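Since the structure comes first, as structure tokens, the remarks are kept for the end.
Treat the numbers as computed from the prediction; the structure is a model and nothing was measured. Both ligands and their constituent atoms are indexed starting at 1 by order of listing.
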Amino acid sequence: MTAELPSRHAVRRPNLRDYALPALRDLCRERGWPAYRGDQIATWLYKNDVVSIDEMTNLPADLRRAIETDFDLTSLEVVTTQRSTDGTIKLLLGAFDGARIEAVLIPEERRVTLCVSTQVGCPLTCSFCATGALGFTRNLSTAEIVDQVLEARRLLGPDQVLSNLVFMGMGEPLLNLPAVSESIRLFTDPKAFGMAPRRITVSTAGVLPQIAPLLEVAPIHLAVSLHATTNEVRDVLVPLNKRFPIETLLATLREEPRINRRRPVFFEYTLMAGVNDSVEDARRLPGLLEGIASKVNIIPMNPHPDAPYQPPSSGVVDRFTAELHGAGIRVTLRRDRGRDIDAACGQLANRAPTGEPVSGVAPD
Ligand code: SAH
């Protein structure tokens, strides 16, 4: 039988981007090279962004050959890029097994944020989220999380720097903690990406046992998808609430020493017309958040065909926001970005392109 193998992925080898620095040093040591070679490799991979091992000119030839035969360097390829009228760029990326994931680059006046995915699909089945409707396929590897950043960085203009990273794409980061943690080590290591931890935010629907282990990795920000003020409503929106109900979630955050005024938790609250947008909700929320250093992010629902919910009118959104503000809550209203290309929060579902392709950056 001579069925043709997809040669590029016929043999998958360990990926060099799966290793953060301590592991990369160990890897070198185990193979008889000094540990600092690991640091040099990281600098080539993440600061210089090389795509071939031959570019790593300060490594001895035998080390380069060994890396070349034993490791892969990239894990994702860009399938399409779409640019929204507001400048947001959605990248559709393909993995070795045909899995498709999305990352969203959001340039703003004073920062450029990338929203990365952590899973192919998502197992949480939140009733308002397009990714939830996809079902769950698998966790992403560290290399696949890191590659989203490398690919996105290549789309930036000469004056743009990727300043912020949010783990708010497809998937639940805390159900893929090992790969997420290792990627955070790479993003924050001065020898690798060298990002300030406070510029990284990981969002969770509330997988409580994993919150402390995540916050131990680096002093990053935590975001929590709250979306409701009663268990009755949150059970429907975020089924995980049946395992970790609101009072347990909030008690965990209240007691978490790494959440404090210097590092508040960001509560995401997606407003859905007639579901969680009442004045009673707005009045209940401050009491619930009492004693937790926090900010609230209001996100009007981004509608999509897989969910029966709509955003409230702007009058209702403003009233809800004003009510919280009046109660002394630090609240921001998130402008939706990239809605025209299905790149806004909760719209990541690998839908067919709707916007203009970005010229000159798609590989084919
Ligand atoms: N699973 C994680 C990471 C996803 S972050 C989490 O739940 O936090 C994506 C954010 O967008 C979450 O707060 C999610 O609840 C919210 N979201 C999902 N669908 C949305 C939609 N259609 N409109 C607005 N926000 C949505």
List, ordered by chain and residue number, the protein residues whose closest non-hydrogen atom lies under 4.0 Å from any atom of ligand 1.
->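 Heavy-atom contacts below 4.0 Å: Phe128, Cys129, Met168, Gly169, Gly171, Glu172, Pro173, Ser203, Thr204, Ala205, Ser225, His227, Glu268, Thr270, Ile299, Met301, Asn302, His304, Cys345, Gly346.
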Who passes salt bridge (charged side-chain N to carboxylate O under 4.0 Å, His left out) against Asp281, sequence neighbours left out?
->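 Counting only residues at least two positions away or on another chain, Asp281 forms a salt bridge (charged side-chain N to carboxylate O under 4.0 Å, His left out) with Arg284.
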Is it true that the side chains of Asn176 and Gln119 contain a donor and an acceptor less than 3.5 Å apart?
->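 No.
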Give every residue pair that meets the ring pair (Phe, Tyr, Trp, His ring centres under 6.0 Å) criterion with at least one member in residues 309-339, sequence neighbours excluded.
-> Tyr269-Phe320
Summary of ring pair (Phe, Tyr, Trp, His ring centres under 6.0 Å) pairs that have at least one residue in residues 198-237, sequence neighbours excluded | Phe128-His227, His221-Phe266
Distance, nearest 0.5 Å, that separates CG of Asp147 from OG1 of Thr142 =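 Reported to 0.5 Å precision, the distance equals 11.0 Å.
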Whether over 12 other heavy atoms sit under 6.0 Å from Glu232 CD =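 It does not: Glu232 CD has 12 such atoms or fewer within range.
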